[in-house]
Amino acid sequence: MNLVIRLIPLIVFLLLGLLFYRGLSLNPQDMPSALVGKSFPTFALQKLSDSEQVLTQESFKPGIKLVNVWGTWCPSCKIEHPFLVKLSKDSRFNVYGVNYKDERQAALEWLDYYQNPYQFSIYDVDGKLGLDLGVYGAPETFVVDHKNIIRKRFAGVLEANVWQREFLPLINQIESEMAQEDQ
């Protein structure tokens, strides 16, 4: 009995060490989403640049979509923005923005100053679409395929290495699927 009691601190130490080791091996940007494999949520929200225009999921152009959640209050969004501008020149997909819990005028000034990579930005001032998407914060980027199915969710700054490693293979795969469906 005394031996068991003496081993309790060692057992607790080993269990905590195992938990810490497991926690350090996880990628904090690889956040699972219950929406991967499901349709992009329905929405009816104002266009950032035109409060009179209501956008819905039908407002997206056909094809592959990158939907980027951003805000002027988000310092990481400023880091990510030049790469989004570069990506917006790629004709294989369209880039859309979800301006998340932001002030309209500040967001419009941001896009004027830093260039606008988005086909349009959805003005999600109350965070309703963000809530439906399961957004924790900005930036987050979703890959939505030609059938409006969410194929990937990425939380964090989208930059060249992440693009090459995680996004480009998926974009190529979706293009391949589209080509096979056209035959």
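Note that the structure is predicted; figures quoted are calculated from it, not measured. One-based numbering along the sequence shown.
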Hey, what do you get for [atom1] ([X]) to [atom2] ([Y]), rounding to the nearest 0.5 Å?
{"X": "Asn99", "Y": "Phe120", "atom1": "CG", "atom2": "CZ", "answer": "13.0 Å"}
{"X": "Leu108", "Y": "Leu48", "atom1": "CG", "atom2": "CG", "answer": "4.5 Å"}
{"X": "Leu55", "Y": "Gln119", "atom1": "CG", "atom2": "CD", "answer": "12.0 Å"}
{"X": "Leu133", "Y": "Ile150", "atom1": "CG", "atom2": "CD1", "answer": "5.5 Å"}
{"X": "Leu45", "Y": "Ile122", "atom1": "CG", "atom2": "CD1", "answer": "7.0 Å"}
{"X": "Thr141", "Y": "Lys65", "atom1": "OG1", "atom2": "NZ", "answer": "15.5 Å"}

Over all atoms of both residues, closest heavy-atom pair of [X] and [Y]:
{"X": "Val95", "Y": "Pro117", "value": "CB-O, 3.7 Å"}
{"X": "Ser121", "Y": "Leu111", "value": "OG-CD1, 4.4 Å"}
{"X": "Ala138", "Y": "Gly71", "value": "CB-N, 4.4 Å"}
{"X": "Phe60", "Y": "Val67", "value": "CZ-CG2, 4.2 Å"}

Discussion item. Going by side-chain hydrogen bond (donor to acceptor under 3.5 Å, both in side chains), name the residues that satisfy it together with Ser39, two or more places apart in sequence or in a different chain.
Written reply: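 Ser39 satisfies side-chain hydrogen bond (donor to acceptor under 3.5 Å, both in side chains) with no residue once adjacent residues are dropped.
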
Could you check if a side-chain atom of [X] sits within less than 4.5 angstrom of a side-chain atom of [Y], using non-hydrogen atoms only?
{"X": "Cys74", "Y": "Val69", "result": "no"}
{"X": "Gln173", "Y": "Leu170", "result": "yes"}
{"X": "Val54", "Y": "Phe43", "result": "no"}
{"X": "Leu10", "Y": "Leu14", "result": "yes"}

Donor-acceptor contact present, side-chain [X] to main-chain [Y], <3.5 Å:
{"X": "Gln57", "Y": "Phe40", "answer": "no"}
{"X": "Asp124", "Y": "Gly130", "answer": "yes"}
{"X": "Lys61", "Y": "Ser59", "answer": "no"}
{"X": "Glu140", "Y": "Tyr136", "answer": "yes"}
{"X": "Trp73", "Y": "Tyr100", "answer": "yes"}
{"X": "Glu80", "Y": "Leu158", "answer": "yes"}

State yes or no: do [X] and [Y] share one hydrophobic cluster built from I, L, V, M, F, W and Y residues joined by side-chain heavy-atom distances below 4.5 Å, directly or via other members?
{"X": "Leu66", "Y": "Tyr114", "answer": "yes"}
{"X": "Val162", "Y": "Trp70", "answer": "yes"}
{"X": "Ile64", "Y": "Ile149", "answer": "no"}
{"X": "Leu87", "Y": "Val85", "answer": "no"}

Practice prompt. Give the intermediate values and the outcome of ring pair (Phe, Tyr, Trp, His ring centres under 6.0 Å) for residues Trp163 and Phe93.
Written response: CA-CA 13 Å; Trp163 178 258; Phe93 50 83; 5.5 Å; yes

Practice prompt. For the residue pair Trp110 and His81, categorise the inter-ring angle as parallel (less than 30°), tilted (30 to 60°) or perpendicular (more than 60°).
Written response: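 Trp110 and His81: perpendicular rings.
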
Discussion item. Assess the residue pair Val135 and Val98 against the criterion (side chain to side chain contact (heavy atoms under 4.5 Å, CB included)); give the C-alpha distance rounded to whole Å, side-chain angles, the decisive distance to 0.1 Å, and a yes or no.
Written reply: CA-CA 11 Å; Val135 168; Val98 176; over 6 Å; no

Worksheet item: Any side-chain donor paired with an acceptor under 3.5 Å for His146 and Glu181?
Response: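 His146 vs Glu181: donor-acceptor pair found between side chains.
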
Practice prompt. Classify the side-chain pair Asn68/Tyr118 by whether it contains a donor and acceptor separated by less than 3.5 Å.
Written response: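 Indeed, the side chains of Asn68 and Tyr118 share at least one donor-acceptor pair under 3.5 Å.
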
Worksheet item: Do any pairs count as a salt bridge (charged side-chain N to carboxylate O under 4.0 Å, His left out) and have a residue in residues 86-100, sequence neighbours left out, and if so which ones?
Response: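 Residue pairs with at least one partner in residues 86-100: Asp90-Arg92, Arg92-Glu175.
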
Worksheet entry | Residue pairs, two or more places apart or on separate chains, that pass salt bridge (charged side-chain N to carboxylate O under 4.0 Å, His left out) and touch residues 99-112 |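 Qualifying pairs, neighbours excluded: none.
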
Discussion item. Check this for me: Glu177, atom CD, are more than 12 non-hydrogen atoms of other residues, nucleotides or ligands nearer than 6.0 Å?
Written reply: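 Counting neighbours around CD of Glu177, more than 12 heavy atoms of other residues, nucleotides or ligands fall under 6.0 Å, so yes.
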
Worksheet item: Does the separation of the ring centres of Phe154 and Phe142 fall below 6.0 angstrom?
Response: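 No, too far apart.
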
Fill in: cation_pi(Lys152, Phe167) dist<6.0 Å, angle<=45
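Judged by the rule (NZ or CZ under 6.0 Å from the ring centre, within 45° of its axis), Lys152 counts as positioned above Phe167.
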
Fill in: Test: Asp132 and Lys128 ion pair at under 4.0 Å
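Salt bridge between Asp132 and Lys128, a charged N being under 4.0 Å from a carboxylate O: yes.
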
